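Just so we're clear, the structure is a prediction, and the values are computed from it rather than from any experiment.
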Amino acid sequence: MAVHTSTLAVATADGTADSFLAHPDDNAPHPAVLVFSDAFGLRPVVRRDAERLAAHGFTVLVPNLFYRHGSAPVVDLPDFIGADRRDEIFGALRPLLTALTPELVVADAAAYLSWLADSPLTTGNPVGLSGYCMGVRHALHTAAAYPDRVAAVAGFHGGRLATDDPTSPHAVVDRITAEVYLGHADADPGLPPEQIDKLDTAFADAGTTFRTEVYSGAGHGFTQSDTEAYNAEADTRHWTELTDLFTRVLR
């Protein structure tokens, strides 16, 4: 399916978020998907993946989550993010990550969801959310804040999803009405087995329709082909689960 792409600015309460839009090139409305990227943010590989998802028949919006600090990319990123640059890059990103609180994420999400609902390129029905790394937390908080606007959530290699922090996502899953699928990294220090069990228990107690899996042998960041964490087999599995969920629930 041919895909059309564009860049746009989405107005939020705190400014404008530079964003990437991909949709089938047929001028018809399609189910909407809002993507919450990993910590490295909106960059070529994220745009490419948005195009790939759009080719399955979705209108896909990817905002620059760090727009308060400038246009994407907000820090200098190499074409390939290897171990030799990882600490340096995260050192630059850490203040931005700390500043992006769940309250700000939820406030921004209202603007992104409204933009999608108002666009003639979408059906106007409840959307799908996809999240990667930190984006999984953002997707869960958004689904909890706007249960009537979100029908499906897919998250991959998320971290810190069930901690003692009062803003931990597991504490709000009782507000989620969307169907949830999470593909966890294997032996992820940011999501040890006890957190997975705690999160699964929270979903089960809330009566959420959910499924979670650990991708054996795949480390944190396994979907990101511009990093050395990339795992092609796990990425293929991720695409199968992502498109199956959204095709089944959003159409």
Below 4.5 Å, heavy atoms only, C-beta onward: do Phe66 and Leu42 meet side chain to side chain?
no
Looking only at heavy atoms, which two atoms of Ala92 and Val75 are closest? And how far apart?
CB-CG1, 3.9 Å
When clusters are formed by joining ILVMFWY residues with side-chain heavy atoms under 4.5 Å apart, either directly or through shared neighbours, do Trp239 and Val180 land in the same one?
no
In short, Ala152 meets Ala178 closest at the heavy-atom pair N-CB, 3.6 Å
Would a hydrophobic clustering, with Ile, Leu, Val, Met, Phe, Trp and Tyr connected at side-chain separations under 4.5 Å, put Val136 with Leu93?
yes
Inter-residue atom distance Leu250.CG - His30.NE2, 0.5 Å rounding:
13.0 Å
If we ignore angles and hydrogens, is there a donor and acceptor under 3.5 Å between the side chains of Thr142 and Arg149?
no
Heavy-atom side-chain contact between Val105 and Arg137 under 4.5 Å
no
Find the distance between CG (Leu53) and OG1 (Thr243) and round it off to the nearest 0.5 Å.
8.0 Å
Looking at side-chain heavy atoms only, is the closest gap between Leu121 and Leu21 below 4.5 Å?
yes
Shortest non-hydrogen separation from Ser216 to Arg237 and the atoms involved:
N-NH1, 4.5 Å
Pro102 and Thr167 have their tightest heavy-atom pair at CG-CB, 3.8 Å
Sorted by chain and number, sequence neighbours left out, salt bridge (Lys or Arg N to Asp or Glu O under 4.0 Å) with Arg160 holds for none
For a side chain to side chain contact (heavy atoms under 4.5 Å, CB included) check, start with the C-alpha distance between Leu242 and His56, then their side-chain angles and the critical distance, and finish with the verdict.
CA-CA 11 Å; Leu242 177 70; His56 286 269; over 6 Å; no
Heavy atoms, side chains only, cut-off 4.5 Å: are Phe20 and Val46 in contact?
no
Can you tell if the side chain of Trp115 reaches within under 4.5 Å of the side chain of Ser19, non-hydrogen atoms only?
no
How long is the span from the CG atom in Leu77 to the CD1 atom in Ile89, to the nearest 0.5 Å?
5.5 Å
Answer with yes or no whether the side chains of His157 and Thr223 bring together a donor and an acceptor at under 3.5 Å.
yes
Quick one: does Tyr230's side chain get under 4.5 Å of Asp235's, heavy atoms only?
yes
Starting from the C-alpha separation in whole Å, work towards a yes-or-no answer on side chain to side chain contact (heavy atoms under 4.5 Å, CB included) for Arg43 and Asp38.
CA-CA 10 Å; Arg43 59 195 192 280; Asp38 66 355; 2.8 Å; yes
When every non-hydrogen atom of Thr5 is compared with those of Ala22, the smallest separation belongs to CG2-CB, 4.1 Å
Could you tell me if Thr12 and Asp14 have a donor-acceptor pair between their side chains, going purely by distance under 3.5 Å?
no
Distance from Leu61 atom CG to Phe36 atom CZ, nearest 0.5 Å?
9.5 Å
Side chain to side chain contact (heavy atoms under 4.5 Å, CB included) between Val62 and Arg47, worked out
CA-CA 8 Å; Val62 191; Arg47 295 183 180 92; over 6 Å; no
Check for me whether the distance between the ring centres of Tyr132 and His238 falls short of 6.0 Å.
yes
Start with the C-alpha distance between Glu228 and Phe80, add both sets of side-chain angles, then the distance that settles side chain to side chain contact (heavy atoms under 4.5 Å, CB included), and finish with yes or no.
CA-CA 8 Å; Glu228 65 180 8; Phe80 183 80; 3.7 Å; yes
Would a distance-only check, ignoring hydrogens and angles, find a side-chain to backbone donor-acceptor pair under 3.5 Å from Ser168 to Asp164?
no
Shared hydrophobic cluster, Leu97 / Ile81 (ILVMFWY, side-chain heavy atoms < 4.5 Å)
yes
Keeping Asp188 on the side-chain end and Gly159 on the backbone end, is there a donor-acceptor pair under 3.5 Å?
no
Does Asp174 reach the main-chain N or O of Asp205 with its side chain, forming a donor-acceptor pair under 3.5 Å?
no
Quick one: sort the Phe156 and Tyr181 rings into parallel, tilted or perpendicular, breaks at 30° and 60°.
tilted
Would Arg211 count as a cation-pi partner of Phe203, with NZ or CZ less than 6.0 Å from the six-membered ring centre and within 45° of the ring normal?
no
Electrostatic pair Arg48:Glu51 at N-O distance under 4.0 angstrom
no
Looking at every non-hydrogen atom in both residues, tell me the closest pair between Thr16 and Ala11 and how far apart they are.
CG2-CA, 4.1 Å
Can you classify the ring geometry of Phe222 versus Tyr215 as parallel (below 30°), tilted (30 to 60°) or perpendicular (above 60°)?
parallel
Can you tell if the side chain of Met134 reaches within under 4.5 Å of the side chain of Leu65, non-hydrogen atoms only?
yes
Taking atom CD of Glu233 as the centre, report whether more than 12 heavy atoms of other residues, nucleotides or ligands fall under 6.0 Å from it.
no
Is there side-chain contact between Thr122 and Phe58, with at least one heavy-atom pair below 4.5 Å?
no
For Asp148, is the CG atom crowded, meaning more than 12 foreign heavy atoms sit under 6.0 Å from it?
yes
Determine whether Leu245 and Phe210 fall in the same hydrophobic cluster, where Ile, Leu, Val, Met, Phe, Trp and Tyr are linked whenever their side-chain heavy atoms lie under 4.5 Å apart.
no
Mark yes when over 12 heavy atoms from residues, nucleotides or ligands other than Asp84 sit less than 6.0 Å from its CG; otherwise mark no.
yes
Rounded to the nearest 0.5 Å, what's the gap from CG on Asp165 to NE2 on His170? Could you check?
10.0 Å
Output the distance between atom OH (Tyr146) and atom OG1 (Thr177), rounded to the nearest 0.5 Å.
14.0 Å
Judged by modelled atom types alone, do Asp108 and Tyr67 share a side-chain donor-acceptor pair under 3.5 Å?
yes
Would you say Leu161 and Val153 are hydrophobically clustered, going by side-chain heavy atoms of ILVMFWY under 4.5 Å?
yes
